[in-house]
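Below, all heavy atoms of this structure are taken into account, side chains as well, without hydrogens, waters or symmetry copies.
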Amino acid sequence: QLQLVESGGGLVQPGGSLRLSCAASGFRLASYAIGWFRQAPGKERERVSCISESDRRTFYEDAVKGRFTISTDNAKNTMYLQMSNLQPEDTAVYYCAAERLALSCNVYGPHEFGIRGQGTQVTVSS
């Protein structure tokens with residue numbers, strides 16, 4: 001069974017940091033395109049960051065560039081999203097996802113990543 005399990009969400013003040021983790025089982029993250037997505041109340045799910053399958057290049061949405069970092073630990077088969085300088089507009093449910101995708105990961109929408117975690121809530125508020 002292909003599975004992703006997230007952890008690390010929570011409540012943080014503006015300007016604070018959080019690290020999200022996403023542990024994979026049943027497949028190797030290193031062989032898949034992987035990504036982090038988020039969905040705020042009343043909004044569509046959006047991509048935050050991703051790593052392409054073929055060349056492992058990273059991609060960040062403009063809203064998080066310079067503040068968020070995506071990474072993987074192949075030995076632990078786990079992906080991470082380090083988030084710093086968090087702002088209220090970053091409040092959302094964050095999801096990790098993976099899929100076998102031939103092209104650059106940023107050309108695919110959230111729903112094209114077929115293996116998805118259950119989501120973890122991130123709330124940025126004073």
Side-chain angles (χ1 to χ4, degrees):
Q1 185 178 4
L2 310 182
Q3 191 174 15
L4 293 169
V5 178
E6 297 119 338
S7 60
L11 173 64
V12 63
Q13 292 186 341
S17 299
L18 278 176
R19 188 179 78 159
L20 306 182
S21 300
C22 175
S25 58
F27 69 105
R28 299 298 302 175
L29 286 175
S31 299
Y32 281 66
I34 60 176
W36 287 95
F37 302 85
R38 67 186 181 186
Q39 188 165 17
K43 294 187 177 181
E44 293 187 355
R45 189 169 301 190
E46 64 178 2
R47 182 179 49 243
V48 174
S49 179
C50 62
I51 297 178
S52 296
E53 174 183 333
S54 58
D55 57 12
R56 313 311 290 175
R57 290 183 68 179
T58 59
F59 174 82
Y60 297 94
E61 293 297 324
D62 287 345
V64 307
K65 200 172 292 183
R67 300 187 298 123
F68 291 12
T69 302
I70 188 172
S71 63
T72 58
D73 183 329
N74 291 336
K76 295 182 178 179
N77 206 25
T78 299
M79 58 192 287
Y80 304 95
L81 185 68
Q82 178 68 47
M83 305 183 293
S84 61
N85 191 22
L86 283 159
Q87 300 300 318
E89 54 265 33
D90 295 315
T91 295
V93 178
Y94 283 70
Y95 301 86
C96 59
E99 188 56 83
R100 300 301 304 271
L101 298 171
L103 303 178
S104 178
C105 63
N106 60 309
V107 306
Y108 297 97
H111 298 293
E112 294 176 279
F113 286 73
I115 307 169
R116 303 168 198 159
Q118 80 283 2
T120 185
Q121 177 70 45
V122 172
T123 302
V124 185
S125 176
S126 55

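There is no path of hydrophobic side-chain contacts, each under 4.5 Å, that joins Leu11 to Val122.
The nearest pair of heavy atoms linking Glu99 to Gly114 is OE1-N, 2.9 Å. The shortest non-hydrogen separation linking Ser52 to Cys105 is OG-N, 2.9 Å. In this structure, Asn77 and Ser25 approach most closely via the heavy-atom pair ND2-N, 4.4 Å. Residue Leu81 comes nearest to Ser49 through the heavy atom pair CD1-CB, 4.5 Å, listed as atom of the first residue, atom of the second, then distance. Looking at every heavy atom in both residues, Pro14 comes nearest to Ser126 through CD-N, 3.7 Å. Nearest heavy atoms, Cys96 versus Met79: CB-SD, 4.0 Å.
Between the CD1 atom of Ile34 and the CD1 atom of Ile115 there is a distance of 11.0 Å, given to the nearest 0.5 Å. Rounding to the nearest 0.5 Å gives a distance of 5.5 Å between SG of Cys50 and CG of Asn106. Put simply, OG on Ser104 and CD1 on Ile51 are 11.5 Å apart, with the number rounded to the nearest 0.5 Å. Rounding to the nearest 0.5 Å gives a distance of 12.0 Å between CE of Met83 and CG of Asn85. Rounded to the nearest 0.5 Å, atoms CD (Gln13) and CG (Leu86) are 11.5 Å apart. The distance from atom CD1 of Ile70 to atom CZ of Phe59, rounded to the nearest 0.5 Å, is 11.5 Å.
Counting heavy atoms of neighbouring residues, nucleotides and ligands inside a 6.0 Å radius, atom CD of Glu44 does not exceed 12 of them. The neighbour count for Arg57 CZ, taken as heavy atoms of other residues, nucleotides or ligands under 6.0 Å away, does not exceed 12.
The list of ring-ring contact (aromatic ring centres under 6.0 Å, His included) pairs with a residue in residues 21-46, not counting sequence neighbours, reads Phe27-Tyr32, Phe37-Phe113. Among residue pairs with one or both ends in residues 110-125, those qualifying as side chain to side chain donor-acceptor pair (under 3.5 Å) are Gln121-Thr123; sequence neighbours excluded. Applying the ring-ring contact (aromatic ring centres under 6.0 Å, His included) test to pairs two or more places apart or on separate chains, none has a residue in residues 64-100. The side chain to side chain donor-acceptor pair (under 3.5 Å) analysis of residues 65-75, with sequence neighbours excluded, yields the pairs Asp62-Lys65, Arg67-Asp90.
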Name the atoms and distances for all side-chain donor-acceptor pairs under 3.5 Å in residues 16-23, with sequence neighbours left out.
none

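Of the possible donor and acceptor atoms, one in the side chain of Arg100 sits under 3.5 Å from a partner among the backbone N and O of Ser31. Between the side chain of Gln39 and the backbone N or O of Val93 there is no donor-acceptor pair closer than 3.5 Å.
By the salt bridge (Lys or Arg N to Asp or Glu O under 4.0 Å) test, Lys43 is found to be paired with no residue, residues two or more places apart in sequence or in another chain being considered.
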* **side-chain contact (heavy atoms from CB on, under 4.5 Å) assessment of Leu29 paired with Leu4** => CA-CA 10 Å; Leu29 286 175; Leu4 293 169; 4.1 Å; yes
